[in-house]
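Report on one structure; see the data block that follows.
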Amino acid sequence: MTPQSPPAPGTSYTRTERFRAARDFLLEHREDYAAAYEGFAWPRFEHFNWALDWFDAIADGNERTALHIVEEDGTGARHSFAELSARSGRAANWLREQGVGPGDRVLVMLGNQVELWETALAAMKLRAVLIPATPLLGPADLRDRVDRGRVRHVVVRAEDTPKFAEVPGGYTRIAVGTGAAAGWLSYDGVDAGRTHFEPDGPTRADDPLMLYFTSGTTARPKLVEHTHVSYPVGHLATMYWIGLRPGDVHLNISSPGWAKHAWSNLFAPWNAEATVFIHNYTRFDPGRLLAAMDRAGVTSFCAPPTVWRMLIQADLTALRTPPREAVAAGEPLNPEVIEAVRRAWGVTIRDGFGQTETAVQVANTPGQSVRPGSMGRPSPGYTVALLDPATGKPAEREGEIAVDLSTAPVGLMTGYHGDPERTAEAMSDGHYRTGDIGARDADGYITYIGRSDDVFKASDYKISPFELESALLEHEAVAEAAVVPAPDALRLAVPKAYIVLADGWQPGPDTAKLLFEHSRAVLAPYKRIRRIEFAELPKTVSGKIRRVELRERTAAGSTAEYDEGSLR
């Protein structure tokens with residue numbers, strides 16, 4: 001499919017045409033970053049409903065596959081754009097009969113199953129507010145979400161309904177599948193609904209659409225509010241970063257309930273009219289994943305660094321037809337992983353930077369040279385500044401990554417729901433401040449240094465944990481690493497590494513000694529790892545390392561660590 005030209009001058013644009021014109025501009029300049037960055041303009045709307053104005057429009061009579069789900073046993077199902085349009089209309093009509101209306105908060109806790117996508121589309125059509133949740137959540141997390149999210153309806157897998165016995169509230173309970181606890185409505189009632197959906201009013205572009213609980217790596221999860229344009233329209237930038245084209249088959253490894261799932265399993269691929277491919281598994285198996293990618297003909301692939309690090313432990317050459325596009329997000333990707341994939345596939349993984357609060361802000365885009373360690377340049381539609389974390393003034397080379405608000409970027413949250421003080425702090429002085437530190441070179445490429453609260457000083461030198469972790473991962477013994485400051489009487493603090501070993505390696509003084517030697521060989525003296533502890537890394541349910549927990553553990557002292565000085 002080739003991009004369509006926008007309407008001729010003087011003609012009236014529909015919302016669909018205006019969205020398509022912006023989308024097609026990015027497709028036409030997919031490998032010309034300068035032209036895309038200089039020429040792109042966000043489509044601005046007073047009213048917009050992505051499910052009605054975009055998805056249903058591209059789905060009309062469209063039997064191409066929109067969603068392809070393959071289960072662990074190899075069975076699967078394909079769902080066309082037209083089918084999902086009809087199914088979501090049927091679901092919207094049925095949910096409205098159950099009392100779901102505009103502004104209602106709907107917590108959706110489903111796995112990678114077709115009901116997840118049709119419920120999301122249905123909620124958009126109803127102007128309800130989605131609160132995505134991962135099935136990994138327990139009763140305590142669910143109580144927090146139902147309470148702070150002021151949830152009025154929940155749609156969950158039948159096997160998860162017992163968790164809600166400990167979650168009080170007068171919310172409507174809807175179960176998908178069989179075996180639900182007593183008192184739950186069966187989602188099967190959707191099948192009897194009408195496919196034609198008639199909205200009961202216009203959708204304002206600034207109406208709330210999604211409330212996301214962040215992963216909580218340093219504190220209690222924040223509640224991020226997005227509108228009917230900030231994610232649906234904002235992820236045109238994400239589509240551009242991934243390099244998606246109409247007809248692509250896109251695989252994104254992400255758990256439902258987290259923002260990246262909406263980024264790359266909903267908005268970005270369907271903005272491009274690509275197929276969302278899902279491979280369901282209970283335990284990650286690189287060989288099985290590569291075989292599924294081959295059979296499905298995956299053309300673009302996105303995965304978090306944890307998955308990429310596991311993949312390079314396998315035989316990547318088993319994938320006969322590598323994807324055309326490969327990207328990583330969630331946490332910075334280490335250079336040695338990029339090189340391993342390039343050797344096996346001839347494809348360069350392109351890193352990108354964004355948050356639950358935004359779409360992709362900074363990225364290595366298709367067709368551009370990837371500089372080692374850099375996460376790229378600002379995405380089309382974003383003006384990115386580096387600010388001094390203490391003063392908020394522009395920094396010359398290194399500072400807090402911040403989005404200039406004067407250009408009114410679309411792909412940005414409304415704010416932190418119910419927390420005006422935190423919102424004001426994040427949006428201070430005309431910028432959205434990310435809390436992440438980066439360095440910019442003369443050509444505008446930005447390199448990630450770390451969270452502002454992760455960077456520390458040792459002997460008055462600034463230490464970036466990410467840089468040290470990347471150096472450790474170059475050694476074959478290291479599967480994962482996290483670096484935090486350890487108290488030291490002489491230097492105030494020294495770098496300590498918590499390490500998860502690769503298969504075949506055993507924890508102990510011999511392995512620690514090898515890693516200290518590696519650290520001395522590849523790092524400047526002031527950056528060297530001084531202490532090592534072999535341990536599993538504490539993570540959030542979304543898979544991000546909780547460095548705050550490691551810092552607290554280190555401050556409390558440990559008898560299981562190895563000191564560099566004692567092993568020399």
Side-chain angles (χ1 to χ4, degrees), residues 3-4 6-7 13-30 36-37 39-59 117 120-121 123-125 127 129-130 132 199 202-212 224-244 246 250 259-274 276 352 354-363 365 378-384 403-415 432:
Q4 295 183 10
Y13 281 67
T14 66
R15 290 190 289 269
T16 302
E17 288 167 340
R18 289 164 61 195
F19 185 88
R20 184 184 294 279
R23 191 280 303 263
D24 285 357
F25 177 86
L26 293 177
L27 291 179
E28 290 162 3
H29 299 285
R30 62 179 305 277
Y37 189 77
F40 178 72
W42 295 109
R44 307 285 180 178
F45 298 104
E46 180 181 358
H47 296 95
F48 186 74
N49 187 304
W50 185 81
L52 296 168
D53 293 321
W54 179 248
F55 187 84
D56 278 2
I58 63 173
W117 281 266
L121 291 168
M124 290 182 218
K125 292 178 178 184
R127 293 184 288 144
V129 181
L130 283 161
T203 304
R204 288 192 55 82
D206 58 1
D207 280 347
L209 169 63
M210 286 179 155
L211 289 174
Y212 266 109
V224 175
E225 181 176 307
H226 280 284
T227 69
H228 277 268
V229 296
S230 63
Y231 254 23
V233 179
H235 283 302
L236 285 171
T238 306
M239 177 201 77
Y240 182 76
W241 159 53
I242 297 172
L244 289 164
H250 181 60
K260 191 59 176 66
H261 197 275
W263 278 42
S264 298
N265 279 342
L266 179 62
F267 294 118
W270 285 351
N271 280 347
E273 298 178 68
V276 174
Q355 300 173 305
T356 303
E357 290 89 337
T358 69
V360 65
Q361 304 167 31
V362 178
T365 56
S379 302
Y382 290 90
T383 300
V384 175
V403 176
D404 186 344
L405 299 178
S406 67
T407 60
V410 168
L412 181 64
M413 68 174 180
T414 304
Y432 163 66

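Predicted model only: the values in this text are computed from it and were never measured. In this chain, residues are counted from 1 in sequence order.
- Within the 4.5 Å cutoff, side-chain heavy atoms of Val233 are placed close to those of Pro43.
- Side-chain N or O atoms of His226 include none that pairs as donor or acceptor with a backbone N or O of Pro232 at under 3.5 Å.
- At a threshold of 4.5 Å between non-hydrogen side-chain atoms, the residues Glu225 and Met210 do not count as touching.
- Under the 3.5 Å distance criterion, with hydrogens and angles disregarded, no donor-acceptor pair is assigned to the side chains of Thr383 and Asp404.
- A 4.5 Å side-chain heavy-atom check between Met413 and Thr356 finds every atom pair outside the cut-off.
- Between the OH atom in Tyr240 and the CZ atom in Phe40 there is a gap of 10.5 Å [rounded to 0.5 Å].
- Note that the CG atom of Leu121 and the CG atom of Leu266 stand 6.5 Å from one another [nearest 0.5 Å].
- Here the straight-line distance linking atom CG of Asn271 with atom NE2 of His235 works out to 9.0 Å at 0.5 Å rounding.
- With Arg30 contributing its side chain and Gly243 its backbone, the two residues share a donor-acceptor pair below 3.5 Å.
- Considering only heavy atoms from C-beta on, His47 stays 4.5 Å or farther from Asp53 through its side chain.
- Minimum interatomic distance between Ala51 and Met124 (heavy atoms only, all atoms of both residues): CB-CB, 3.7 Å.
- Here the CG atom belonging to Leu244 is positioned 5.5 Å from the NE2 atom belonging to His250, to the nearest 0.5 angstrom.
- To the nearest 0.5 angstrom, Arg204 atom CZ is 11.5 Å from His228 atom NE2.
- Using bins of under 30°, 30° to 60° and over 60° for the plane-to-plane angle, the ring pair Phe55/Trp270 lands in the tilted bin.
- Looking only at distances, no side-chain donor or acceptor of Ser379 sits under 3.5 Å from a matching main-chain atom of Tyr382.
- The backbone N or O of Thr227 lies less than 3.5 Å from no partner atom in the side chain of Asp206, so there is not a single donor-acceptor pair.
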Subject >> Residue pair Ile58, Arg20: steps toward the side-chain contact (heavy atoms from CB on, under 4.5 Å) verdict >> reply: CA-CA 10 Å; Ile58 63 173; Arg20 184 184 294 279; 3.7 Å; yes

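- The shortest distance between side-chain heavy atoms of Arg23 and Trp54 falls below 4.5 Å.
- Across Leu405 and Leu412, no two heavy atoms sit closer than the pair CD2-CD2, 3.3 Å.
- Residue Leu26 comes nearest to Leu236 through the heavy atom pair CD1-O, 3.6 Å, listed as atom of the first residue, atom of the second, then distance.
- Under the 4.5 Å side-chain criterion, counting only non-hydrogen atoms from C-beta, Pro246 is in contact with Leu27.
- Between Ser264 and Thr238, the shortest heavy-atom distance links the atoms OG-CG2, 4.3 Å.
- Aromatic rings of Trp117 and His261 (six-membered ring for Trp) have centroids within the 6.0 Å cut-off, being under it.
- For the residue pair Ala22 and Ala41, the shortest heavy atom distance occurs at CB-O, 4.2 Å.
- No side-chain donor from either of Tyr432 and Gln361 sits under 3.5 Å from a side-chain acceptor of the other.
- Residues Trp42 and Thr407 are not in side-chain contact: their nearest non-hydrogen atoms beyond the backbone lie 4.5 Å or more apart.
- Counting heavy atoms from C-beta on, the side chains of Asp56 and Lys125 come closer than 4.5 Å.
- Aromatic ring centroids of Phe48 and Phe19 lie under 6.0 Å apart.
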